[in-house]
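The model shown is predicted, which means the values in this text are computed figures rather than measured ones.
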Amino acid sequence: MPKTLRLILGDQLNSNHSWFKTVDESVTYVMMEIRSETDYAKHHIQKVVGIFSAMQNFKNDLLVNNHKVIYIHLNDNNNLQSFEKNIKHLISEHNFKHFEYQLPDEYRVDLDLKNLCKSISISSAAVDSEHFFTSRNELGDFFEGKKIYLMESFYRAMRKKHNVMMEGDKPLTGQWNYDGENRKKLPNNHKPIAPLVFNNDVSEIYNEITKTDVKTIGTIDAKNFVWPINRKQSLELLDFFAEECLQLFGSYQDAMTPNEWSLYHSRISFSMNVKMISPKEVIDRCIEEWQKRPNEIEFNQLEGFVRQIIGWREYMRGIYWNKMPEFASMNFFNNQEKLPNWFWTGKTKMNCMKDAINQSLNYAYAHHIQRLMITGNFALLAGIHPDEVDAWYLGIYIDAFEWVEITNTRGMSQFADGGIVGTKPYVSSASYIDKMSHYCGSCFYKKALKTGDKACPFNSLYWNFYDRNEDKLGKNPRIGMMYNVWRKMKPEDKTALLEQADYYLKNINEL
């Protein structure tokens, strides 16, 4: 084999990849901490530190297993701060004759590496990352010729293809989807299990980052970093979820309550998205736990979780590769506003927004309903430009990589794609938030008031959203009922709601 340089990206830490099955003297791996990756978005400090920590742990494992590795640290003198410049320098310096990389998950990096390969004089090749259940183009092929994409039909096809919870060609238990059973509010006196957290000392990496002018958001306890930074810890977190949380995951997966940041969620998305563990391992482990304890773990708890992994996660990636790069500029409602200042500080009088944002700043994490029905819901009701919303979500969450972030944000949350990902906008007034959370009772604003000084902003903004977008949404069958309610309202009540919304939007930074 010619002298080969293989690039490992920061989200390709898959120790089970076929690359690493054998040690080859002619192969050198390169990993790099570079400014082009820290600076394309304003990331949470925990995200940058978490990825760099996981990369350095992965590098150490490769060295222990006798692989040759070149590791370029952020502040190394010879770091040229981009994939292209560093690769070209290494090829020249070490006389490599062949270059290889694993297919990236982000369109931006995919383009960079394709262009790099065109510009170097040596041979090159790309291989699969060997992580996902699907190929990049599988969803596009599956829905070819169809106007509407339905996650449910894709999910069922994935279950069949990979024989997940199946009896022949029928679903185990005879039912595909238990979503209707997975929407419970936490009982008032219910204390969720304390999350498993790690106490990783990442202060050395944190100090290296603070020496630079890398702009970050959020807070960190660098002596006690709570996220897994290697495969061993990732598997520990998966075991904890399967043994301690799975039995109540489905029931309370949409529930929200102040000062409880983890509830029964797995929090393994960061580990999966940098590939320290695989989706197949995750599903297999949870199915194994259910098989051990079928009387303790009801099937709906398991199915709700499996659907997120083999259904939603793969579906979002498929949409991404099917619709990029056009997807990144879609703006169905032509929303133009900027995010309120308090999205970066958490200083708002709205309890639900304050809790979700502060939690995000403190932990680089919020669960899917906090993202969709609290922060995302507000951003859509307020007419925020999708670029602003994308940048915030991509930056603030430790598990946010564009392939999974932008399809959830611009697609499902903001409906900026006009209905590719979801069949209706996910918006609500205070009633849904109160139904699923314990935020409203102690809030400055009153959930029942639609107008007046202390009226919950979600109420008037909700009706204002429907009024403002009636030309685009009026014929959508999934929300026809809301337009019927709106059309039957007294003219003076409509006017009062729209005036209230207008006042809130003009004073959005004071809410």
Fill in: L511 backbone acceptor or donor facing T348 side chain under 3.5 Å
yes
Fill in: Within 45° cone and under 6.0 Å: K494 NZ/CZ vs W486 ring
yes
Worksheet item: Do C286 and L302 come close enough that some side-chain heavy atom pair is under 4.5 Å?
Response: yes
Worksheet item: Is the shortest heavy-atom distance from the side chain of F415 to the side chain of N335 under 4.5 Å?
Response: no
Discussion item. Would you say that Q308 contacts H368 through its side chain, given a criterion of any heavy-atom pair below 4.5 Å between the two side chains?
Written reply: yes
Practice prompt. Indicate whether any N or O donor in one side chain lies under 3.5 Å from an N or O acceptor in the other, for S251 and Q301.
Written response: yes
Practice prompt. Locate the shortest heavy-atom distance separating I193 from C245; write the atom from each residue and the value.
Written response: CG2-SG, 3.9 Å
Item to complete: Measure the shortest side-chain to side-chain distance between I319 and F143 over non-hydrogen atoms and say whether it is less than 4.5 angstrom.
Response: no
Worksheet item: Any chance the side chains of Y397 and S269 put a donor and an acceptor closer than 3.5 Å?
Response: no
Fill in: Smallest separation among heavy atoms of Q46 and N362, with atom names
NE2-O, 2.7 Å
Worksheet item: Name the one of D399, I309, L238 that satisfies side chain to side chain contact (heavy atoms under 4.5 Å, CB included) with M272?
Response: I309
Discussion item. Students often mix this up, so state it plainly: with edges at 30° and 60°, are the rings of W290 and F299 parallel, tilted or perpendicular?
Written reply: perpendicular
Item to complete: Run the ring-centre check on F249 versus F241 and record whether the distance is less than 6.0 Å.
Response: yes
Worksheet item: Of the options W312, Y393, Y320, which is the one that meets N408 in a side-chain hydrogen bond (donor to acceptor under 3.5 Å, both in side chains)?
Response: W312
Worksheet item: Any side-chain heavy atom of R313 sitting closer than 4.5 Å to one from N273?
Response: yes
Discussion item. Assess the residue pair E130 and K275 against the criterion (salt bridge (charged side-chain N to carboxylate O under 4.0 Å, His left out)); give the C-alpha distance rounded to whole Å, side-chain angles, the decisive distance to 0.1 Å, and a yes or no.
Written reply: CA-CA 10 Å; E130 301 175 9; K275 304 182 182 54; over 6 Å; no
Worksheet entry | Close side-chain approach of E37 and R108, heavy atoms under 4.5 Å | yes
Worksheet item: Are F333 and F465 an aromatic pair by the rule of ring centers under 6.0 Å?
Response: yes
Discussion item. How close do F132 and P279 get, counting heavy atoms only, and between which atoms?
Written reply: CA-CG, 4.4 Å
Discussion item. Under a 3.5 Å threshold, yes or no: a donor from one side chain and an acceptor from the other, between Y504 and Q500?
Written reply: yes
Discussion item. Show, in sequence, the C-alpha distance, side-chain angles and deciding distance for D239 and R285, and conclude whether the salt bridge (charged side-chain N to carboxylate O under 4.0 Å, His left out) test is met.
Written reply: CA-CA 8 Å; D239 282 340; R285 177 67 185 86; 2.6 Å; yes
Discussion item. Angle between ring planes, F343 versus F378, binned at 30° and 60°: parallel, tilted or perpendicular?
Written reply: tilted
Worksheet item: S413 and R371: side-chain hydrogen bond (donor to acceptor under 3.5 Å, both in side chains), yes or no, with the steps?
Response: CA-CA 8 Å; S413 170; R371 299 186 202 195; over 6 Å; no
Worksheet item: Heavy-atom distance under 4.5 Å between the side chains of D110 and M324, does that happen here?
Response: no
Practice prompt. Assess the pair H190 and Y264: is the distance between their ring centroids shorter than 6.0 Å?
Written response: yes
